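Since the structure comes first, as structure tokens, the remarks are kept for the end.
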Amino acid sequence: MSAQWLSLVATIWLQSVSGTSTNFPAYSSQLKRLLNISQVELNNLAFASDAGKILAWFSGVAAAHLPLWLVLLIGSLIGMIGYGVQYFLLTNLHDQSSTPYWLVFLLTVLAGNSICWINTVCYVLTIQSFPLDMQLALGLSTSYQGLSAKIYADVIDVVYANSSSADKARGYLLVNSALPFLVCIIVAPLVARSSNVDDPRSPRGGSPFSCSRKLSSGFIVMFLITIVTGTYAVITSSLGVSTSSGRSSQLFILTGIVLLVVVCPLLVPLVEKIRETVQHKCWIRQHKVCSVLTDESVNEAPTNLENGEVKKEGEISQGAEEEQIGPKLMLKKVDFWLYFFVYLFGATLGLVFLNNLGQVVESRGQSRTSTLVSLSSSFSFFGRLLPSLLDYFLARTKYMSSRAGAMAMMMAPMSGAFFMLLINNNISLYISTAIISVSTGAISTISVSTTRELFGAKDFGINHNILIINIPVGSFIFGNSAAVLYRRNSYGGKCMGMTCYQTSFMIWGSLCCLGSLLALILHSRTKKLHSCNN
């Protein structure tokens with residue numbers, strides 16, 4: 001069990017630094033000036049980061065055939081090259097505007113692809129380690145990806161406290177290159193150890209047994225640590241502490257984040273290791289499986305494991321194995337395409353808004369872009385955690401909705417938030433950004449469990465990476481349409497006022513409403529499967 005919890009800590013560390021694309025709005029405006037590019041070209045760079053996900057299925061194939069620690073190192077090396085070469089070009093060339101745009105575009109694609117490798121390792125490792133508590137573990141670990149932009153902003157505020165905006169933009173590229181690589185080097189041995197602790201009686205992809213006697217208390221402690229971390233991030237972001245205080249205060253904030261993210265989660269595996277050493281036993285339970293076609297399931301029963309023996313305390317009826325759907329069959333299913341467009345009009349649309357957040361803030365005459373980016377990152381953190389909290393407290397009750405139903409509930413307020421952006425005041429901007437960040441984070445987390453629930457675990461790495469191809473598709477379509485509308489209302493390449501994004505917000509809000517409807521249709525088609533799995 002200590003190895004299980006250690007694997008969760010490893011994924012938390014990885015997710016905390018894997019969201020390198022989420023800090024793009026913090027330096028996008030300055031990058032636009034350094035490269036002397038138009039708004040459309042800048043939007044294409046945001047698309048390029050998402051375009052790396054088109055080749056994300058490579059990471060799924062690699063995770064199925066290579067050791068997870070090697071997949072992790074490959075992904076971190078790709079990211080180091082993608083961001084590192086950009087930093088070198090913008091630092092060593094006297095005229096940054098002469099940097100070949102096509103080269104920056106390709107390097108951004110490469111950097112965006114690296115995130116997929118790290119995320120795939122985190123998802124596969126979590127599903128293997130916590131087959132019976134998948135949603136809880138996934139929500140806890142992926143929530144920290146929502147904190148990435150906040151962490152990177154705090155690092156830049158400390159290291160580049162007295163630097164110009166141009167130097168800070170270059171600094172983001174340097175930190176994006178170095179920090180994930182260093183963390184992956186540190187975490188790789190933990191991943192190697194955790195991925196080799198599966199029960200020898202089961203194939204790779206998760207043991208049918210999972211220690212459960214102490215999981216409840218462990219998850220409660222993890223929840224408390226995570227909630228305190230997110231609250232701390234929201235307070236320091238919303239108050240603008242990182243931008244208005246001195247270097248010593250910024251260092252204090254960064255130290256607090258490091259302690260909460262790195263040190264505190266280690267308490268759970270440490271305590272578990274002490275318990276195992278003292279008691280020499282743990283309780284396990286049989287993994288419940290269910291057939292979508294026959295609606296048969298395996299009843300859950302507690303079992304006692306002591307001195308290496310499994311002793312059943314109740315009879316366990318046999319049921320059909322969980323249906324495993326490969327990529328080719330998945331693409332032929334109606335449920336997949338409903339799911340594809342739900343994600344497209346939900347999480348992807350939210351990501352497009354967040355990618356354009358820097359330009360939205362600038363068009364409204366504000367200068368504190370990094371504060372709003374940090375705030376969106378913090379609320380995305382809670383959004384990613386929200387499905388786990390609901391799953392923990394509402395599981396096996398009549399109030400628990402299906403995954404598709406949960407996505408519909410997240411998209412409804414998100415639709416209203418887009419229309420709220422039509423109000424010309426700072427309060428509506430902050431509230432709408434918070435709502436969109438929460439909803440986007442929640443849908444991103446729910447989708448991981450949904451893919452696993454709809455199509456099985458065997459080809460999960462490939463299946464989920466096929467699904468997220470909709471991110472670059474949506475980024476290109478929605479992002480470029482917004483850039484075209486922005487350019488129509490601009491003067492000298494720069495647009496100021498509500499008209500810059502007014503039409504885009506109306507279109508995005510309407511599409512989000514359509515996505516909510518599609519999610520309800522998917523809910524009606526898959527609610528029997530959800531009741532089976534719960």
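Quick caveat, the model's predicted, so the values are computed rather than measured.
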Review point. Quick one: CG on L147 to OG1 on T22, what's the gap to the nearest 0.5 Å?
Key: 9.5 Å
Exercise for review: Working to the nearest 0.5 Å, report the span between CD1 of I469 and NE2 of H464.
Suggested key: 11.5 Å
Review point. If only atom types and distance count, is the side chain of S177 paired as donor or acceptor with the main-chain N or O of L173 below 3.5 Å?
Key: no
Point to revise | Exercise: identify the closest heavy-atom pair between K333 and I325 | key: CE-CD1, 3.3 Å
Review point. Would you say W337's side chain and L331's backbone share a donor-acceptor pair under 3.5 angstrom?
Key: yes
Which donor-acceptor pairs under 3.5 Å do side chains of residues 115-123 form with protein atoms, sequence neighbours excluded?
{"residue": "W117", "atom": "NE1", "partner": "N113", "partner atom": "OD1", "Å": "2.8"}
{"residue": "N119", "atom": "OD1", "partner": "Q15", "partner atom": "NE2", "Å": "2.9"}
{"residue": "N119", "atom": "OD1", "partner": "Q145", "partner atom": "NE2", "Å": "2.9"}
{"residue": "T120", "atom": "OG1", "partner": "S59", "partner atom": "OG", "Å": "3.1"}
{"residue": "T120", "atom": "OG1", "partner": "C116", "partner atom": "O", "Å": "2.7"}
{"residue": "T120", "atom": "OG1", "partner": "N465", "partner atom": "ND2", "Å": "3.2"}

Review point. Where do F345 and F340 land on the side chain to side chain contact (heavy atoms under 4.5 Å, CB included) test, with the steps shown first?
Key: CA-CA 9 Å; F345 298 148; F340 183 92; over 6 Å; no
Exercise for review: Using the side chain to side chain donor-acceptor pair (under 3.5 Å) rule, take Y144 and S18 through it: C-alpha gap first, then chi angles, then the decisive distance, then the call.
Suggested key: CA-CA 9 Å; Y144 283 84; S18 67; over 6 Å; no
Exercise for review: Check for a donor-acceptor pair, side chain of T445 on one end and backbone N or O of R384 on the other, with a separation under 3.5 Å.
Suggested key: yes
Check your understanding: Is there a side-chain contact between F24 and N176, using heavy atoms and a 4.5 Å cut-off?
Key -> no
Review point. Going by distance alone, is a donor N or O of one side chain under 3.5 Å from an acceptor N or O of the other, for T20 and Y172?
Key: no
Point to revise | Residue pair Y339 / L518, side-chain heavy-atom distance below 4.5 Å | key: no
Exercise for review: Starting at CG of N489, measure out to SG of C500 and round the result to the nearest 0.5 Å.
Suggested key: 6.0 Å
Review point. Going through the checks in order, is the side chain to side chain contact (heavy atoms under 4.5 Å, CB included) test met by L385 and F223?
Key: CA-CA 9 Å; L385 181 63; F223 275 134; 3.9 Å; yes
Review point. CD1/I427 to CE/M420 distance, rounded to the nearest 0.5 angstrom?
Key: 11.0 Å
Review point. Do E41 and L45 have side chains that get closer than 4.5 Å, going by heavy atoms?
Key: no
Practice item. Would you indicate whether the side-chain heavy atoms of S380 and T440 approach each other to under 4.5 Å? Key: no
Practice item. State whether a side-chain donor-acceptor pair under 3.5 Å links S129 with S7. Key: yes
Check your understanding: Is there a side-chain contact between L429 and V360 (heavy atoms, below 4.5 Å)?
Key -> yes
Point to revise | Distance-only polar pair, side chains of T108 and S49, donor-acceptor under 3.5 Å | key: no
Exercise for review: For residues F130 and W5, establish whether the separation of their ring centroids is below 6.0 Å.
Suggested key: yes
**Study point:** Spatial distance of atom OG (S504) from atom CG (N356) [nearest 0.5 Å]
**Key:** 8.0 Å
Practice item. Please assess V9 against V268 for the test side chain to side chain contact (heavy atoms under 4.5 Å, CB included), listing each intermediate value before the final yes or no. Key: CA-CA 9 Å; V9 173; V268 176; 6.0 Å; no
Check your understanding: Does a sphere of radius 6.0 Å around CZ in F476 hold more than 12 heavy atoms from other residues, nucleotides or ligands, not counting ones at 6.0 Å or beyond?
Key -> no
Exercise for review: Without swapping roles, check the side chain of S432 against the backbone of F418 for a donor-acceptor pair under 3.5 Å.
Suggested key: no
Exercise for review: Let me see the working for F419 and F505 under ring-ring contact (aromatic ring centres under 6.0 Å, His included), right down to the final yes or no.
Suggested key: CA-CA 6 Å; F419 290 114; F505 293 151; 9.8 Å; no
Check your understanding: If you count the non-hydrogen atoms of other residues, nucleotides and ligands that lie under 6.0 Å from CE in M496, is the total more than 12?
Key -> yes
Review point. Restricting to pairs with a member in residues 340-364, which pass salt bridge (Lys or Arg N to Asp or Glu O under 4.0 Å), not counting sequence neighbours?
Key: R33-E362
Check your understanding: Donor-acceptor pair, N36 side chain versus K32 backbone, under 3.5 Å?
Key -> no
Review point. Between the main-chain N or O of N424 and the side-chain N or O of S428, is there a donor-acceptor pair closer than 3.5 Å?
Key: no
Practice item. Fit a plane to each ring of Y501 and Y486, take the angle between them on a 0 to 90° scale, and name the class: parallel (under 30°), tilted (30 to 60°) or perpendicular (over 60°). Key: tilted
**Study point:** Which atom of V40 lies closest to which atom of R487, heavy atoms considered
**Key:** CG2-NH1, 3.7 Å
Review point. If you round to the nearest 0.5 Å, how far is CG of L35 from CD1 of I37?
Key: 5.0 Å
Review point. Has the side chain of S475 got a donor or acceptor atom that lies under 3.5 Å from a matching backbone atom of I471?
Key: no
Review point. Under a 4.5 Å cut-off applied to non-hydrogen side-chain atoms, are N463 and F336 in contact?
Key: no
Check your understanding: Considering only heavy atoms from C-beta outward, does the side chain of L354 approach that of S437 to under 4.5 Å?
Key -> yes
Review point. So do the side chains of L138 and R452 get within less than 4.5 Å of each other, counting heavy atoms only?
Key: no
Exercise for review: Would you please name every residue forming a ring pair (Phe, Tyr, Trp, His ring centres under 6.0 Å) with Y152, sequence neighbours left out?
Suggested key: none
Check your understanding: What's the verdict on side chain to side chain contact (heavy atoms under 4.5 Å, CB included) for D157 and K168, showing C-alpha distance, side-chain angles and the deciding distance?
Key -> CA-CA 8 Å; D157 284 335; K168 286 186 176 181; 4.3 Å; yes
